[in-house]
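Below: one structure, written as structure tokens.
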Amino acid sequence: MVQKAANARERFEKAAVALFQERGYVGTTVPEIAARAGLTERTFYRYFTDKREVFFWRADEHRDRIVNAIASAPRNAHPLTAVTRALETIGAFIDGHRAKVKLRQAFVSAHTDFQEREMMKLRALASAIETALQERGVPAPSARMVSEVAVAIWSVALERWSSDEAERNFAHHVQNSFAELQMVVVEHGSERHHPRRRRSIKRDG
């Protein structure tokens with residue numbers, strides 16, 4: 001019996017996750033997802049373009065939250081600090097849905113279709129961050145660079161979060177990735193200002 005379409009996205013997502021685990025991504029069809037969710041195939045396509053999108057629709061919500069967090073950051077906050085703090089705001093969802101998010105990451109790693117869609121979403125995230133920074137008065141070239149760095153921090157942090165046997169929270173991995181970036185930049189700056197040291201490092205390597 002077909003049910004009403006309340007919370008349709010969440011129901012399709014839950015059904016798809018269960019079927020992907022049971023039958024694999026390739027072995028699962030949209031009609032099967034719709035039937036498991038108690039909804040129609042027509043309703044499915046009202047919300048999603050294809051079955052891949054079931055794992056990506058929340059990216060738009062996350063992007064909006066990140067943009068809003070950037071907009072509300074203190075006016076004197078460094079752009080990269082403001083963006084990093086904004087990325088951390090998604091931690092509550094990621095940590096609260098660990099099994100689902102890890103499954104999503106596993107599918108992204110295993111399927112080219114998912115990787116292509118992931119890249120599209122990351123490009124959209126970078127573009128939104130760039131715009132949000134420019135609205136804060138950050139010059140366009142700097143905003144673009146920071147947005148690309150932010151997406152790299154996000155990706156590295158999510159990879160580390162997924163493989164972390166200690167199950168530390170997402171914010172921890174964002175902060176660590178940001179700290180490592182700062183360290184690399186500081187070391188690079190130190191080498192530029194101390195050429196003898198740089199040559200010594202090359203010889204030792």
With a 3.5 Å distance limit and no angle check, can you tell me whether [X] reaches the backbone of [Y] through a side-chain donor-acceptor pair?
X: Arg136; Y: Ala73; result: yes
X: Gln134; Y: Pro139; result: no
X: Ser127; Y: Ala124; result: no
X: Arg23; Y: Thr28; result: no
X: Glu61; Y: Arg58; result: no
X: Thr89; Y: Ala86; result: yes

ask   = For Leu125, which of Asp60, Ile66, Val67 qualifies under side-chain contact (heavy atoms from CB on, under 4.5 Å)?
value =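 Only match with Leu125 under side-chain contact (heavy atoms from CB on, under 4.5 Å): Ile66.
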note = Which of Arg52, Arg123, Arg104 passes salt bridge (charged side-chain N to carboxylate O under 4.0 Å, His left out) with Glu118? It is Arg104
Does this structure show an ion pair linking [X] with [Y], if we count only N-O contacts that are shorter than 4.0 Å?
X: Lys121; Y: Glu53; result: yes
X: Arg85; Y: Glu88; result: yes
X: Glu32; Y: Lys51; result: no

ask   = Any idea how Trp154 and His62 line up, ring-wise: parallel (<30°), tilted (30 to 60°), or perpendicular (>60°)?
value =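 Correct class here is tilted.
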task = Give me the ring orientation class for Phe114 and His111: parallel if the planes are under 30° apart, tilted from 30 to 60°, perpendicular past 60°.
result =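 Rings of Phe114 and His111: tilted, 30 to 60°.
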Nearest-0.5 Å distance, CD of residue Glu159 to CD of residue Gln105 =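 Glu159 CD to Gln105 CD: 8.0 Å, rounded to 0.5 Å.
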